[in-house]
*Asks:* 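After the structure tokens below, expect a handful of questions from me.
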Amino acid sequence: MINFKEIEQKWQKKWEQAEIFHVKEDKNKKKYFCLEMYPYPSSSGLHMGHALNYSIGDIYSRFKRMNSYNVLYPMGFDSFGLPAENAAIKNKSHPKIFTENAINNYIKQMKELGLSYDWSRTLMSHDPNYYKWNQYFFLKFLEKGLAYRKKARVNWCPDCKTVLANEQVHEGKCWRHKETNAQIKQLEQWFFKTTEYAEELLNDIEKLDWPERIKIMQRNWIGKSYGTEVMFKINNENWKVFTTRPDTLFGVTFMVISAQHEKLMTIVTKEQKKQVEDFLKKVKSTKQEDMDKLEKEGVFTGAYAEHPLTKEKIPVYTGNFIIAEYGSGMVMAVPAHDKRDFDFAKKYKLPIKEVVQPLIIKKDGEDAVRNNLPFKQRDAVVCVVKHWSENKYLCLKWKQVSWNGFIVGGIEKGEDTISASKREIIEETGYKHVKFVKKLGNIINSQFYHKLKKENRWAHFQGLYFELEDSKKDEISDEEKKIHDITWVEKENVGSFLNADDDMKIIWERVFHENAYENSGILINSKEFNGLKSEEAKEKIAKFLESKKLGKKSVQYKLRDWLISRQRYWGTPIPIIYCDKCNIVPVPEKDIPVLLPEDIKFGEGNPLETSQKFVNVKCPKCNSDARRETDTMDTFVDSSWYYLRYTDNKNNKKPFDKEKAQYWMPVNQYIGGAEHAVMHLIYARFFTKVLRDLGYIHIDEPFPKLFNQGMLHKDGFVMSKSRGNVILPEAVSKQYGIDTARLFLVSIASPDKDTEWSDKGVEGSLRFINKIFDYFDNVKFGKTSKIFESKLHKTIKEVADSIEAFKYNIAIIKIRELFESREEEINKKDLEIFVKLLAPFCPHITEELWQRLGNKTLISLEKWPISDSKKINERLEEEQKNADRLIDDIKNIIKILMDKGKEIQKIYVYVLPKELEFYNKGYIEKKVEKKVEIYSVADKKKYDPENKSTKAKPGKPAVYVE
RNA sequence: GUGGGAGUGUCAGAGCGGUCAAAUGAGCUAGCCUAAGGAGCUAGUGGCUUAGUGCCUACACAGGUUCGAAUCCUGUCUCCCACACCA
């Protein structure tokens with residue numbers, strides 16, 4: 001029995017004493033900065049899920065270290081924040097005491113996991129030496145105009161008792177309180193101008209080597225859209241309206257202004273005032289959670305806007321579905337071409353004016369007017385085809401032209417789900433110009449299929465989508481149509497044709513009367529712009545508007561400025577003083593840090609307001625009585641630059657030394673969970689760009705490479721304290737050793753996938769480790785066989801590549817496979833290589849084994865072995881495979897004969913003469929557990945009573961058994 | 001609704017055009033070792049078949065491309081995640 005505990009403690013102590021993980025800037029070495037997202041130190045400590053997270057980075061760092069990199073691998077704590085404050089209130093303690101206890105516990109546990117952090121570089125965000133620089137940066141941002149204060153409609157969480165950033169509200173609820181609806185309040189708050197960098201934040205996503213889905217999430221979050229601002233006149237006043245579809249400008253039949261719009265009441269007429277006010281009351285009382293199910297509602301404001309081009313009078317409504325903050329908080333509604341507008345128009349019986357008609361898409365991708373088809377626009381083309389396989393219910397029930405000019409076919413349901421191939425269709429219909437169309441399914445399915453399915457009609461719809469090859473369209477003769485039972489029906493006749501069948505009528509109605517056409521097409525009813533394609537029309541209309549000063553092209557982002565004020569205690573005080581005379585006065589740089597006061601009372605409201613000493617100050621400008629800002633900063637400010645502080649964590653004069661940051665940055669590998677896709681990762685990128693522009697650093701992006709690790713599950717759920725399904729590292733460590741646990745965690749699945757903890761599984765890893773120790777006890781040092789040497793050198797490369805790609809599971813499999821082919825005798829150097837391969841995964845036991853091999857050095861500081869391609873002998877390995885196949889054959893024969901009750905004494909193998917050397921008698925005997933005799937086929941003296949040797953083939957020896 | 005991802009043997013989980021009845025664990029079965037083993041070792045683990053390496057059926061379902069598909073394409077179903085009235 002291996003005493004894991006003893007081994008672990010022994011080596012942890014040695015590592016610490018020798019300070020081997022401490023790094024210094026060294027210009028002569030390639031640097032590598034490996035970083036995990038720093039944790040919030042929870043009082044419940046680490047569980048196995050955390051162990052997995054940090055092991056991923058540790059393995060990587062150890063691997064890089066062995067590859068001669070100067071590896072910066074630090075750890076710190078995101079120690080400000082609400083949970084600590086709330087917990088402290090609950091326990092009548094102080095958040096500081098609370099937090100620091102938790103941190104100490106974390107550090108202890110992390111050390112026990114064998115994580116190779118450079119603890120000399122640690123940081124804690126609640127440390128004044130750290131948050132001082134938050135204040136410093138705030139002042140710099142302020143100077144640059146990147147921090148500002150404004151009154152705004154903000155999200156307020158009644159549980160957190162603070163405002164939230166846009167990013168912290170999910171589905172109308174607080175990100176911390178899934179049950180709590182965010183309320184809307186009007187407050188004076190501090191913001192960082194993230195929007196100033198929206199464009200760069202968006203463009204640079206492209207450069208990042210991040211998981212694609214995170215990149216997509218960021219793109220969506222920034223949400224850039226191109227469009228046009230159009231001026232509408234209301235009461236002779238200009239109102240800007242943003243639209244992405246200026247091509248539909250002539251289809252505007254009403255306008256909708258957000259119910260939350262500041263200037264809404266200025267346009268409401270006397271007659272409508274009461275109605276609007278009632279409506280606003282209703283909107284206000286609507287809970288956020290009902291919002292998603294909410295129907296579009298609105299009331300008429302009484303006002304009319306003047307259409308910039310047609311000068312028509314357009315009624316202005318106010319509606320609950322318009323976002324006040326986006327664009328200008330007012331939209332031009334084009335019901336014919338926007339689903340929301342369409343719904344609204346239907347509900348309030350507003351006119352619908354069509355200005356865009358569908359086009360067909362030709363094979364070469366160019367648009368053509370649909371009129372080129374042998375049937376007319378929006379005609380339903382019904383194609384009835386007889387069944388093509390005997391009595392199989394097959395009947396192409398209908399076909400019709402989809403919006404894009406494709407013919408869509410459906411099959412009536414029968415007993416089975418039916419489908420037909422293109423070939424079958426062609427054969428049966430004789431209609432040669434049928435082509436399958438890619439992606440068309442989306443158009444069809446989203447629009448019709450699901451609706452039909454919901455109504456339980458057409459349950460077995462199976463899509464058949466065809467495109468008429470354009471060039472052939474004209475060639476379809478009436479003759480051909482007739483022959484093949486294809487009936488084309490013109491629009492005006494289709495009604496009567498369809499009358500025979502209710503299902504078809506329903507489809508007809510849906511298609512032609514119940515949808516807005518949202519795709520692009522060709523313009524109609526748009527005066528001089530008629531006949532233009534949408535894309536052209538967008539340009540031309542925008543230009544035209546511009547020339548008349550009625551609008552201009554514009555770009556909109558969904559991204560909002562970052563609201564950083566929090567009305568809570570446990571955070572960085574915002575270094576601002578309000579003076580009645582001088583207004584907003586920044587705290588002078590020499591006076592920071594503005595320390596968090598200790599004499600505060602928790603209770604109602606912001607605790608900071610209860611400290612008179614803190615609140616009452618003299619104005620730094622005029623020295624009269626002034627008041628300190630009592631809001632603190634969002635803790636995401638802390639995490640927006642902590643990675644930079646690691647490069648120089650003890651600096652009192654500056655946030656960090658420029659040279660040092662230059663040496664270490666950017667973070668080569670960032671590791672963390674996907675939950676930070678839009679919060680932390682956007683803020684940190686924003687900060688980096690600002691600091692670059694302020695001259696502190698030289699990089700554009702802090703984290704060029706990001707790895708998202710998966711979550712550890714237990715009993716099917718994510719391991720978490722609140723769920724009560726945690727496995728503690730201490731317990732596992734005691735029973736199996738922490739290296740065993742690390743090995744197991746990382747070998748279940750690829751580390752970016754969620755994995756399930758299993759006790760049985762760890763035992764498997766333990767067996768492996770035991771076998772290794774066992775091998776070390778019995779191994780004979782001598783010469784390594786060629787075949788093992790070949791495998792060894794192949795494995796070195798495979799393991800390195802797998803680690804590099806974060807495929808730790810594969811790396812471990814390769815190590816296991818190598819170990820399985822071990823031999824009793826081995827060269828000591830080669831055994832050392834084997835230990836090294838395992839070292840990043842199992843740091844403690846490999847140190848121990850390394851020492852047992854007589855080494856005085858630490859394996860953690862050893863060099864990763866070099867794979868010698870000259871030693872890789874594919875032929876040998878191929879031969880061994882042949883031998884293994886032979887063994888399989890022999891076993892197979894033995895089994896058959898045993899089943900028949902025969903006794904087996906000896907095996908005779910007949911090999912082609914030049915293959916004789918490939919087959920090792922001892923090896924085969926061992927595997928087959930029988931005596932074996934190997935002969936060359938050419939051997940005259942061979943024992944071969946049944947003349948089996950004639951069956952021998954290259955690579956496949958013949959066998960005789962008796 | 002929009003956008004992403006996934007569906008593989010008893011289970012977990014690799015593979016992502018041929019070397020695949022498919023790595024590696026776990027489980028199960030048999031044999032060995034033992035006083036005994038829930039310890040260890042060895043082997044087997046889709047079906048059929050055979051003194052031999054053969055055949056069949058398989059990687060959600062249905063089609064397609066290809067000389068060849070678990071792997072590529074299309075559609076369907078199921079599950080997971082993110083965003084959500086962004087004009």
Side-chain angles (χ1 to χ4, degrees), chain A residues 170-172 211-214 216-217 219-221 223-225 227 241-245 256 291-292 294-296 319-323 325-334 338-341 343 417-424 436-442 444-446 449-450 460-465 556-559 674-675 677-678 744 747-750 753-756 758-765 767-768 770-771 774 807 809-810 812-814 816-817 820 881 885-886 888-897 900 902 926-927 929 946 948 951 953 955-956 958-961:
Chain A
H170 299 295
E171 294 171 30
E212 206 49 42
R213 60 194 189 105
I214 305 284
I216 289 166
M217 279 162 84
R219 276 193 201 106
N220 291 345
W221 191 262
K224 183 179 186 178
S225 45
V241 167
F242 177 75
T243 178
T244 53
R245 289 295 301 273
V256 191
M291 284 300 235
D292 28 346
L294 202 64
E295 243 189 83
K296 287 163 193 50
N320 60 358
F321 64 104
I322 306 298
I323 297 166
E325 291 86 5
Y326 185 81
S328 51
M330 171 147 52
V331 298
M332 53 176 243
V334 186
D338 182 278
K339 195 171 176 311
R340 292 158 303 177
D341 298 346
D343 293 345
T417 304
I418 315 154
S419 61
S421 68
K422 174 177 140 189
R423 193 173 302 129
E424 284 172 302
F436 272 86
V437 181
K438 289 182 183 178
K439 279 280 176 195
L440 188 60
N442 293 343
I444 307 312
N445 292 320
S446 56
Y449 176 73
H450 290 291
H460 294 277
F461 183 103
Q462 190 93 21
L464 291 170
Y465 312 119
Q556 285 288 327
Y557 298 92
K558 282 203 261 182
L559 186 76
E675 66 274 16
V678 285
F744 168 68
S747 59
I748 322 167
S750 178
K753 300 231 169 99
D754 290 352
T755 46
E756 171 82 21
S758 123
D759 290 333
K760 286 280 181 197
V762 212
E763 282 170 20
S765 294
R767 270 199 283 274
F768 178 56
N770 280 334
K771 276 190 211 174
D774 204 47
K807 293 184 170 180
N809 55 329
I810 304 293
I812 288 161
I813 286 167
K814 295 294 172 195
R816 286 183 103 120
E817 283 177 346
E820 279 312 305
K881 270 184 205 153
R885 259 195 297 260
L886 172 65
D888 276 351
D889 280 350
I890 295 171
K891 279 186 188 158
N892 191 239
I893 297 167
I894 293 173
K895 188 183 146 236
I896 291 163
L897 293 182
K900 289 188 174 171
K902 269 194 187 172
K926 200 178 136 205
K927 291 272 182 179
E929 297 171 307
E946 291 190 16
K948 293 277 185 195
K951 288 194 174 178
K953 287 181 201 150
K956 285 175 190 174
V959 177
Y960 174 69
V961 174

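Residue numbers begin at 1 in each chain, while the letters A, B, ... track the order of the sequences. None of the values given here were measured: they were computed from a predicted structure.
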*Asks:* Here's a test of your reading of the structure: between A/Glu325 and A/Trp221, which maps to the more 5' nucleotide of RNA chain B?
*Replies:*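 Nearer the 5' end of the strand: A/Trp221.
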*Asks:* A/Tyr326 has an atom OH; how far is it from atom P of B/C83, in whole Å?
*Replies:*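 About 18 Å, once rounded to whole Å.
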*Asks:* Say you draw a straight line from CD of A/Glu763 to CG of A/Asn770; how long is it, rounded to the nearest 0.5 Å?
*Replies:*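 Between atom CD of A/Glu763 and atom CG of A/Asn770 there are 11.0 Å.
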*Asks:* Would you say A/Lys753 reaches B/A14's phosphate, i.e. side-chain N/O to OP1/OP2 under 4.0 Å?
*Replies:*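 So the side chain of A/Lys753 is within the cut-off, an N or O lying under 4.0 Å from OP1 or OP2 of B/A14.
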*Asks:* Provide, to the nearest angstrom, the distance between the NZ atom belonging to A/Lys807 and the P atom belonging to B/U24.
*Replies:*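 Checked: the NZ to P distance equals 17 Å.
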*Asks:* Should the pair A/Arg340 and A/Phe321 be classed as cation-pi, given the thresholds of under 6.0 Å to the six-membered ring centre and 45° from the axis?
*Replies:*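 Judged by the rule, A/Arg340 and A/Phe321 form no cation-pi pair.
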*Asks:* If you measure from the P atom in B/G9 to the same atom in B/A70, how many Å do you get, rounded?
*Replies:*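 14 Å, rounded to whole Å.
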*Asks:* Roughly how many Å apart are B/C79 and B/G37, using the C1' atom of each and rounding to a whole number?
*Replies:*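 Each nucleotide's C1' atom is 43 Å from the other's.
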*Asks:* Pick the P atom in B/C73 and in B/G18, then give their distance to the nearest Å.
*Replies:*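 So the two P atoms sit 15 Å from each other.
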*Asks:* What nucleotide among B/A87, B/A82, B/A26 has an atom nearest to a side-chain atom of A/Met217?
*Replies:*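 Minimum distance to the A/Met217 side chain belongs to B/A82.
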*Asks:* Within the structure shown, what part of the strands sits under 4.0 Å from A/Ile323 by heavy-atom distance: base, sugar-phosphate, or nothing?
*Replies:*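 Result for A/Ile323 = base.
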*Asks:* Rounded to whole angstrom units, what separation is found between the NZ atom of A/Lys224 and the C1' atom of B/C83?
*Replies:*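 A/Lys224 atom NZ is separated from B/C83 atom C1' by 20 Å.
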*Asks:* In terms of side-chain heavy atoms of A/Ser750, which of B/A14, B/A26, B/C85 is nearest?
*Replies:*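 Between B/A14, B/A26, B/C85, the one nearest the side chain of A/Ser750 would be B/A14.
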*Asks:* Taking atom C1' in both B/C32 and B/C67, what distance in whole Å separates the two?
*Replies:*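 Roughly 49 Å separates the two C1' atoms.
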*Asks:* Which nucleotide, if any, forms a Watson-Crick or G-U wobble pair with B/G15, using both distances under 3.5 Å?
*Replies:*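 Pairing partner, where one exists within any strand: B/U8.
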*Asks:* Both distances under 3.5 Å, Watson-Crick or G-U wobble: report the partner of B/A35, or none.
*Replies:*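 Checking every strand shown, B/A35 finds no partner, since no pair has both distances under 3.5 Å.
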*Asks:* For B/C41 and A/Lys771 - does any side-chain N or O of the residue sit under 4.0 Å from the phosphate oxygens OP1/OP2?
*Replies:*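 Indeed, a polar side-chain atom of A/Lys771 lies that close.
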*Asks:* Atom CZ of A/Arg213 to atom C1' of B/C81: distance rounded to whole Å?
*Replies:*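 Rounded to the whole Å, the gap is 7 Å.
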*Asks:* Mapping A/Glu817 and A/Asn220 onto RNA chain B by nearest heavy atom, which one lands closer to the 5' end?
*Replies:*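 Closest to the 5' end, via its nearest nucleotide, is A/Asn220.
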*Asks:* Categorize A/Ser225 for me: base, sugar-phosphate, or nothing, with a 4.0 angstrom heavy-atom threshold over every strand shown.
*Replies:*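 Since only primed, P, OP1 and OP2 atoms lie under 4.0 Å of A/Ser225, the category is sugar-phosphate.
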*Asks:* Roughly how far, to the nearest 0.5 Å, is the CE atom of A/Met330 from the OG1 atom of A/Thr243?
*Replies:*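 Reported to 0.5 Å precision, the distance equals 13.0 Å.
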*Asks:* Would you classify A/Gly764 as touching base, sugar-phosphate or nothing, given that sugar-phosphate means primed atoms plus P, OP1 and OP2, and contacts are heavy atoms under 4.0 Å?
*Replies:*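 Here A/Gly764 touches the backbone only, sparing every base.
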*Asks:* Between B/U24 atom P and A/Arg767 atom CZ, what is the distance in whole Å?
*Replies:*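 Atom CZ in A/Arg767 sits about 15 Å away from atom P in B/U24.
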*Asks:* With respect to the side chain of A/Arg816, which nucleotide from B/A87, B/C86, B/G25 is positioned closest?
*Replies:*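 Given the options B/A87, B/C86, B/G25, the side chain of A/Arg816 is closest to B/G25.
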*Asks:* Heavy atoms, side chains only, cut-off 4.5 Å: are A/Tyr326 and A/Ser225 in contact?
*Replies:*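 Result yes, sub-4.5 Å side-chain heavy-atom pair found.
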*Asks:* Under 4.0 Å from OP1 or OP2 of B/A12: is there any side-chain N or O of A/Thr755 that close?
*Replies:*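 No, outside the criterion.
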*Asks:* Can you measure from CG (A/Asp341) to CZ (A/Arg245) and round to the nearest 0.5 angstrom?
*Replies:*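 Spacing of CG (A/Asp341) from CZ (A/Arg245) equals 11.0 Å.
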*Asks:* Please state the P separation for the pair B/C72 and B/C81 - nearest whole angstrom.
*Replies:*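 Taking atom P in both B/C72 and B/C81, they lie 25 Å apart.
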*Asks:* Does B/G3 have a Watson-Crick or wobble mate here (both distances under 3.5 Å), and if so which one?
*Replies:*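 In the structure as shown, B/G3 has B/C81 as its Watson-Crick or wobble partner.
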*Asks:* Please report the distance separating the P of B/G68 from the corresponding atom of B/C56, rounded so that it comes out in whole Å.
*Replies:*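 Result for the P pair: 16 Å, nearest Å.
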*Asks:* Output the distance between atom NZ (A/Lys807) and atom NZ (A/Lys814), rounded to the nearest 0.5 Å.
*Replies:*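 Here the interatomic distance stands at 11.0 Å.
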*Asks:* What is the base-pairing partner of B/A43, counting Watson-Crick and G-U wobble geometry with both distances under 3.5 Å?
*Replies:*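 By the stated definition (distances under 3.5 Å), B/U29 pairs with B/A43.
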*Asks:* Give the rounded distance in Å between these two atoms: CZ of A/Phe744 and P of B/G25.
*Replies:*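 From A/Phe744 CZ to B/G25 P: 13 Å.
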*Asks:* To the nearest Å, how far apart are A/Lys814 NZ and B/G13 P?
*Replies:*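 To the nearest whole Å, that distance equals 20 Å.
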*Asks:* Is B/C61 paired to anything, Watson-Crick or G-U wobble with both distances less than 3.5 Å, and if yes, which nucleotide?
*Replies:*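 Looking at the geometry, B/C61 pairs with B/G75.
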*Asks:* Rounded to the nearest 0.5 Å, how far apart are CD of A/Glu820 and CD1 of A/Ile813?
*Replies:*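 Between A/Glu820 CD and A/Ile813 CD1, I get 12.5 Å after rounding to 0.5 Å.
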*Asks:* Take the protein atom CD1 of A/Ile810 and the nucleotide atom P of B/G25, then report the distance between them rounded to whole Å.
*Replies:*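 Atom CD1 in A/Ile810 sits about 13 Å away from atom P in B/G25.
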*Asks:* Using the P atom as the reference point in each nucleotide, state the distance between B/G15 and B/U24 in Å, no decimals.
*Replies:*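 One P to the other, the span is 14 Å.
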*Asks:* Sticking with atom P, work out how far B/A30 lies from B/G38, rounded to a whole angstrom.
*Replies:*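 Each nucleotide's P atom is 11 Å from the other's.
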*Asks:* What contact category does A/Lys760 fall into here, base, sugar-phosphate, or nothing, at under 4.0 angstrom with non-hydrogen atoms?
*Replies:*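 The residue A/Lys760 makes sugar-phosphate contact but no base contact.
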